[in-house]
Protein chains: 2
Amino acid sequence: MMTVHEVSALSGVTIRTLRYYDRVGLLCPAARTEAGYRLYDDETLRKLQRILLLRELKIPLRDVSRLLKMSETAQREAIGRQITLLELKKERTEKLIALARRLSKGEETMDFSPFDRCKEEAYTAEAKARWGETEAYGAYEKKAASRTEAEGSLLAGRMMQIFADFGALMDGDPASEAAQAKVKELQDFISTHYYPCTDAILMGLGQMYVADERFRANIDAAGGEGTAAFVQKAIAVHCGKE
Amino acid sequence: MMTVHEVSALSGVTIRTLRYYDRVGLLCPAARTEAGYRLYDDETLRKLQRILLLRELKIPLRDVSRLLKMSETAQREAIGRQITLLELKKERTEKLIALARRLSKGEETMDFSPFDRCKEEAYTAEAKARWGETEAYGAYEKKAASRTEAEGSLLAGRMMQIFADFGALMDGDPASEAAQAKVKELQDFISTHYYPCTDAILMGLGQMYVADERFRANIDAAGGEGTAAFVQKAIAVHCGKE
DNA sequence: ATTGACACTCTCCTTACGTCATGGTTTACA
DNA sequence: TGTAAACCATGACGTAAGGAGAGTGTCAAT
């Protein structure tokens with residue numbers, strides 16, 4: 001039977017951590033002295049070792065706690081899931097690195113206005129073509145006119161973000177659930193901030209994304225080469241389905 | 001002047017977040033109504049946009065707060081540092097994935113006992129050769145004998161971890177600061193848990209790491225092909241320097 | 001018997017907010 | 001003009017995994 005001090009020295013975890021693990025029921029000592037000192041035995045030690053291994057893999061302690069009560073197979077399975085999670089995390093980090101590089105390289109670190117102007121023009125043109133001088137179009141015009149430059153820029157930045165997200169999905173299928181969810185998000189976003197975006201209009205936008213030079217350049221800058229084309233394909237799938 | 005609701009809709013951050021940013025002084029509204037309602041203007045909005053960009057890069061809000069008061073150049077620099085950090089994080093994640101794969105593939109998911117037995121034998125032999133039947137050796141023998149299997153396994157696991165860390169440094173210089181720090185850590189670890197590990201003994205261990213089949217196999221399993229050789233080189237640098 | 005090292009519990013602190021709870025304000029409509 | 005809906009405010013509590021420190025009890029040795 002070892003005290004906290006000895007276990008700490010042996011395992012490398014702090015005494016505080018041992019106490020914490022006891023309190024949350026993750027690793028309770030085998031016994032206590034009369035004075036209340038924690039006493040650990042060999043089995044507890046082995047359990048601690050397993051805990052440390054799972055913790056290494058960044059598995060949340062809550063899950064570790066549950067896992068320890070389950071079979072070896074289940075634990076193996078959990079590790080497999082954790083691998084998937086870690087891979088996702090790695091991808092996200094890679095995306096961030098790419099974004100940071102673009103930011104630190106680009107002259108206009110945080111200026112989306114070129115895209116913004118382009119977008120406004122294009123959307124306006126598209127909306128006009130679809131609606132003519134209808135009431136909805138009038139409402140949009142009014143909203144757009146009353147929008148300050150800062151507001152427009154903010155919205156453009158969010159649009160860029162959506163396209164960047166599309167870029168991250170590009171190695172997958174345009175029909176994948178994730179891509180289709182993004183399409184919906186894009187449609188919602190346009191509907192909320194610009195004008196009610198029907199599937200027909202969305203379809204037209206998608207075609208414009210690849211056809212219009214400035215548009216395609218901006219979108220590909222946000223999500224990488226080929227993003228505009230990918231978005232168009234994803235939109236086509238979305239509209240074809242419904 | 002916009003209310004929290006409007007800013008929230010425009011920027012995509014929650015109202016709660018806006019309130020939080022106000023409280024911590026990161027983004028205070030331009031004004032308040034008599035009733036205390038927050039009112040945001042265009043300039044505040046632009047500031048929010050910059051905040052969101054830096055936040056995207058996982059820069060801590062505390063740092064974002066400081067950065068916003070600094071020059072454009074300083075911000076660019078900070079982004080550069082952040083890239084380095086993100087790359088480190090990516091590497092760590094990759095290491096974790098490798099570890100998880102080893103764990104889920106290996107039959108003996110969490111059993112270090114082969115390494116443990118090997119290590120005990122080898123260390124014992126090395127220690128004996130260095131010290132003969134001295135007092136220090138007697139103390140070590142006693143400690144080793146009283147060690148239960150679980151205790152030994154835990155220590156072996158930590159040793160594996162150290163070798164895994166060496167493996168992650170393998171693409172660098174054995175004389176690098178990081179590698180040398182690891183050598184010190186290894187020496188400390190042995191001194192603390194086995195016997196006082198002088199440079200001479202450490203040197204001998206390093207040679208054994210590459211010479212002894214079982215040893216090398218175990219170390220390379222922990223840190224990847226060539227880890228044992230790398231550790232030996234790092235140890236040589238350490239001992240040559242002092 | 002005292003001292004120093006060690007143990008205990010308790011509480012607050014960390015990030016970046018989410019989630020109520022409670023109550024005041026503004027606006028739209030009847 | 002009354003009221004209901006929608007909006008706003010502050011404050012408190014919770015999160016993951018402990019760290020730091022306060023205040024107090026216990027053990028071994030001198």
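Numbers restart at 1 for each chain; the letters A, B, ... are given by sequence-line order, proteins then strands.
OP1 or OP2 of D/dC8 lies within a sub-4.0 Å distance of a side-chain N or O belonging to B/His5. A/Thr17 has a side-chain polar atom (N or O) that falls below the 4.0 Å cut-off from OP1 or OP2 of D/dG19. A/Thr3 has no side-chain polar atom (N or O) that falls below the 4.0 Å cut-off from OP1 or OP2 of C/dC6. Contact between the side-chain N/O atoms of A/Arg38 and the OP1/OP2 oxygens of C/dA7 is not found at any separation under 4.0 Å.
With salt bridges taken as basic N to acidic carboxylate O contacts below 4.0 Å, one links B/Arg76 and B/Glu72. Using a 4.0 Å cut-off between charged nitrogen and carboxylate oxygen, B/Lys184 and B/Asp188 do not count as a salt-bridge pair. Contact check on A/Glu43 versus A/Arg50 returns no salt bridge, with no Lys/Arg side-chain nitrogen under 4.0 Å from an Asp/Glu carboxylate oxygen. With salt bridges taken as basic N to acidic carboxylate O contacts below 4.0 Å, none links A/Lys89 and A/Glu94.
Residue pairs satisfying the salt bridge (Lys or Arg N to Asp or Glu O under 4.0 Å) criterion with at least one member in residues 23-32 of chain A, sequence neighbours excluded, are listed as follows: A/Asp22-A/Arg32.
Candidate nucleotides D/dT26, C/dT9, C/dT26 were compared by shortest atom distance to the side chain of A/Arg19, and C/dT9 ranks first.
Across all strands shown, B/Val24 has no heavy atoms under 4.0 Å from either base or sugar-phosphate atoms. Nucleic acid contact class of B/Thr33 (heavy atoms, under 4.0 Å, all strands): none. Counting non-hydrogen atoms under 4.0 angstrom, A/Thr14 reaches the backbone sugars and phosphates but no base. Heavy atoms of B/Arg23 sit nowhere under 4.0 angstrom from any nucleic acid atom.
If you measure from atom CG of B/Leu27 to atom C1' of C/dC17, you get 15 Å, rounded to the nearest angstrom. Atom CD in A/Glu34 sits roughly 15 Å away from atom C1' in C/dC8 (whole-Å rounding). Across the protein-nucleic acid pair, B/Arg16 atom CZ and D/dG14 atom P stand 15 Å apart, rounded to whole Å. Computed from coordinates, the B/Leu39 CG to C/dT26 P distance equals 11 Å when rounded to whole Å. Rounded to whole angstrom, the span from the CG atom of A/Leu18 across to the P atom of C/dC6 amounts to 15 Å. As rounded to whole Å, 7 Å separates atom P of D/dT10 from atom CG of B/Asp22. The interatomic distance linking A/Met2 (CE) with C/dC6 (C1') rounds to 15 Å, in whole Å. Atom-to-atom, CD of A/Glu6 to C1' of D/dA28 comes out at 14 Å; the value is rounded to the nearest Å.
You'll find the side chain of A/His193 reaches within 4.5 Å of the side chain of A/Phe189, heavy atoms only.
A side-chain donor-acceptor contact under 3.5 Å links B/Glu6 to the backbone of B/Thr3. Under the 3.5 Å distance criterion, the side-chain polar atoms of A/Gln180 are matched with a main-chain donor or acceptor of A/Ala234. Between the side chain of A/Ser191 and the main chain of A/Cys197, a donor-acceptor pair closer than 3.5 Å is present. A donor-acceptor pair is defined here as one N or O able to donate and one able to accept, closer than 3.5 Å; no such pair exists between the side chain of A/Thr93 and the backbone of B/Lys90. Put simply, the side chain of A/Arg102 gets close to the backbone of A/Ala222: a donor and an acceptor are under 3.5 Å apart.
Residues forming a side-chain contact (heavy atoms from CB on, under 4.5 Å) with A/Ala30 (at least two apart in sequence, or on another chain): A/Met1, A/Asp41, A/Thr44. Evaluation of the side chain to side chain donor-acceptor pair (under 3.5 Å) rule for A/Arg66 yields A/Asp63 as partners, not counting sequence neighbours.
Of the residues in residues 81-94 of chain A, none has a non-hydrogen atom less than 4.0 angstrom from any atom of DNA chain C.
Both B/Ile15 and B/Tyr37 lie close to DNA chain C; mapped to their nearest nucleotides by heavy-atom distance, the more 5′-ward contact belongs to B/Ile15.
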Between protein and nucleotides 14-16 of chain C, what N or O pairs are separated by less than 3.5 Å?
residue, atom, partner, partner atom, Å
C/dT15, OP1, B/Arg62, NH1, 3.2
C/dT15, OP1, B/Arg62, NH2, 2.7
C/dA16, OP1, B/Leu61, N, 3.3

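Rounded to 10 degrees, the angle separating the terminal helix axes of the helix from C/dA1-D/dT30 to C/dA30-D/dT1, each built from five base pairs, is 30°.
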